[in-house]
Every structure is written in C-alpha cells, then in structure tokens.
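Reading through the structure tokens given below for one structure.
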Amino acid sequence: MIYDLQGQANMSPVVGMLYSAVKENSHRLKSITDGMSQEEVDYKGPDNKSNSTAQLIKHITYVDLNWVYRIKEQPLPKSLSEQYGPMIDENNRLPMVDGISLSTLMYNYEQVLNMLEAACTQLIDADLDRVVNFGHDNEKQATIRWGIWHMADHSRYHQAHINQLRKMVNVK
C-alpha cells in the first residue's frame, strides 16, 4: 500500500489534498478503535478523570461539524448542535458520554465526514484564503485552509489519547 495525499477527482488540487488528510485520519481513527469493547469506549483512565474514547470521538465529530458549517458559510443548525453537541459542559470540560456504542459514535462521525466531502467539492483552491471566525466565542480567526488542516491535526491529537486509554484499560 502506498500512502499519499491525493485529492478526489471532483475537488480542486489543494482542497483535495487537505480533504485527503482528514480522510486518512478518519481511516486511522477507525483502525485504532476497531474491536473496542464498550468498557474500553467508556474507560476514563485509572483515576477516572480522563476523557473517555467516547467523549473524544464525540468531540472530534462536533469540532469537525462546526468546521463544515464554517466552510459552507452557514450557521450550524440548532438541530445539529443539539444532536452532536455541546462543545463543552458547564465546567468547561468535554461533556459526559456513557453507554453510547462505538458503532453509533463512528456512524455520527462518518455522517460529518460525508458533509465535509460534499462541502469540499463546492470549494475551489482560492476559497481556502477565506477567513472565518472560530473558537468557543468565535473570538479567533483562521483561513478555510487552516480549518481543514486543523480537522486532520485535531483528530490525530486525540487519537493519541485514545491509543493511551486503550493501553491503560488493558493493563488494569
């Protein structure tokens, strides 16, 4: 197998390359969570204070969903915000997630990736220069280029946490 960041035929070159980075990381997320038991999905570390795999997947999904709507230059519909969110709870932590199956979490994640693919097919490379607001209070700004890259980077970052959790749960 040859790894590459080839774009989709229906995307402009740079958009396609960035999208393929997100897609590659989605395949990696699937591979590192494959076969996880519900106990592993809900495990919050030896001190029970870490974010669980379920929380992390839901968080990745919600962050990506928000970026999809920024790319589309549309507000996130309230129904989707309620279905996938919130971003953080009243204590500024990832919201609790317990007892949601890995298949449900990954299905929701796939739905968002499908939305991203559809949004990326509507972009041309020049659109990547467009600046959007983001952050908990939309206090930050970034280009669409950075946003798509961030989706890939953010996923990888939390995949490291998931790998660590999986090692810890199997040692206890």
Side-chain angles (χ1 to χ4, degrees), residues 1-36 41 51 53-88 94 102-166:
M1 175 180 195
I2 297 174
Y3 292 95
D4 195 4
L5 293 177
Q6 291 281 328
Q8 306 291 323
N10 58 347
M11 292 181 196
S12 61
V14 179
V15 172
M17 183 184 66
L18 290 167
Y19 169 77
S20 68
V22 175
K23 188 174 179 182
E24 171 66 29
N25 281 316
S26 75
H27 293 304
R28 185 173 183 272
L29 179 60
K30 288 178 204 165
S31 73
I32 68 171
T33 58
D34 186 45
M36 284 182 108
V41 170
N51 292 311
T53 294
Q55 287 174 288
L56 293 168
I57 293 172
K58 186 171 182 188
H59 172 69
I60 292 166
T61 302
Y62 193 60
V63 166
D64 288 1
L65 178 66
N66 277 274
W67 274 103
V68 166
Y69 276 84
R70 289 181 191 111
I71 291 167
K72 292 168 53 165
E73 295 184 285
Q74 297 175 4
L76 180 63
K78 185 176 180 181
S79 62
L80 290 177
S81 181
E82 290 171 354
Q83 178 183 351
Y84 288 94
M87 185 72 70
I88 53 176
L94 296 187
L102 179 61
S103 62
T104 298
L105 292 162
M106 293 306 290
Y107 174 81
N108 290 340
Y109 177 66
E110 284 293 321
Q111 295 302 108
V112 171
L113 288 178
N114 291 339
M115 291 181 217
L116 174 65
E117 181 176 11
C120 285
T121 63
Q122 302 301 309
L123 295 175
I124 60 171
D125 287 348
D127 293 329
L128 296 171
D129 294 330
R130 206 170 63 235
V131 174
V132 297
N133 294 326
F134 76 103
H136 293 296
D137 296 314
N138 283 325
E139 73 280 9
K140 302 174 189 175
Q141 291 187 314
T143 62
I144 295 297
R145 177 185 304 101
W146 184 90
I148 300 171
W149 166 83
H150 176 69
M151 292 169 78
D153 183 59
H154 178 251
S155 178
R156 279 288 272 209
Y157 175 76
H158 288 305
Q159 288 175 29
H161 297 143
I162 292 168
N163 275 327
Q164 191 63 35
L165 284 166
R166 198 160 194 195

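For reference, positions follow the sequence shown, starting with 1.
- In this structure the side chain of H136 reaches within 4.5 angstrom of the side chain of I88, judged on heavy atoms.
- Here the side chains of L65 and L76 are in contact, with some heavy-atom distance below 4.5 Å.
- Rounding to the nearest 0.5 Å places CG of N66 at 7.0 Å from OG of S81.
- Using a 4.5 Å heavy-atom threshold, the side chains of I71 and L116 count as touching.
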Query raised in the report: For H59 and N51, what are the C-alpha separation, side-chain angles and deciding distance, and is it a side chain to side chain contact (heavy atoms under 4.5 Å, CB included)?
Result: CA-CA 10 Å; H59 172 69; N51 292 311; over 6 Å; no
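- Judged purely by distance below 3.5 Å, without hydrogens or angles, the side chains of S12 and D125 pair a donor atom with an acceptor atom.
- Counting all heavy atoms, side chain and backbone alike, L94 lies closest to Q55 at O-NE2, 3.2 Å.
- For the residue pair Q141 and N133, the shortest heavy atom distance occurs at CG-OD1, 3.1 Å.
- Scanning all heavy atoms of the two residues, the minimum distance from P77 to Y69 falls at CD-CE2, 3.4 Å.
- Residues T61 and L105 share a closest heavy-atom pair of OG1-O, 4.5 Å.
- Within the structure, the salt bridge (charged side-chain N to carboxylate O under 4.0 Å, His left out) test picks out the following pairs touching residues 54-81 (sequence neighbours left out): E73-R130, K78-E82.
- For the pair Y19 and I148, the tightest heavy-atom approach, listed with the atom from each and the gap, is N-CG2, 4.0 Å.
- Looking at M87 and V63, their side chains come closer than 4.5 Å, going by heavy atoms from C-beta outward.
- Contact of the R166 side chain with the I32 side chain is not registered, since no non-hydrogen atoms from C-beta on lie closer than 4.5 Å.
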Query raised in the report: Between H154 and I60, is a side chain to side chain contact (heavy atoms under 4.5 Å, CB included) present by the stated rule, with each step listed?
Result: CA-CA 7 Å; H154 178 251; I60 292 166; 4.2 Å; yes
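- With a 4.5 Å cut-off on side-chain heavy atoms, I57 and M106 count as touching.
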Requested in this report: Take I144 and L18 through the test side chain to side chain contact (heavy atoms under 4.5 Å, CB included) and record every step on the way to the result.
Outcome: CA-CA 10 Å; I144 295 297; L18 290 167; over 6 Å; no
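- Side-chain contact check for T121 and E117: no donor-acceptor pair (N or O, by modelled atom type) lies under 3.5 Å.
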Report task. Evaluate the criterion side chain to side chain contact (heavy atoms under 4.5 Å, CB included) for residue pair T143 and L128; output intermediate values, then yes/no. Result -> CA-CA 6 Å; T143 62; L128 296 171; over 6 Å; no
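- For residues 132-151, the set of pairs meeting the salt bridge (charged side-chain N to carboxylate O under 4.0 Å, His left out) definition, not counting sequence neighbours, comprises D129-R145.
- Judged by distance alone, with hydrogens and angles left aside, the side-chain atoms of N25 form a donor-acceptor pair with the main-chain N or O of A152 at under 3.5 Å.
- Taking the six-membered ring where tryptophan is involved, the planes of W67 and F134 are tilted, since the angle between them lies from 30° to 60°.
- Between H161 and Y157, the angle of the ring planes goes over 60°, which puts this pair in the perpendicular group of the 30/60° scheme.
- Taking every heavy atom of both residues into account, N108 and Q83 meet most closely at OD1-NE2, 4.4 Å.
- For the atom pair S155 OG and K23 NZ, the distance stands at 14.5 Å (nearest 0.5 Å).
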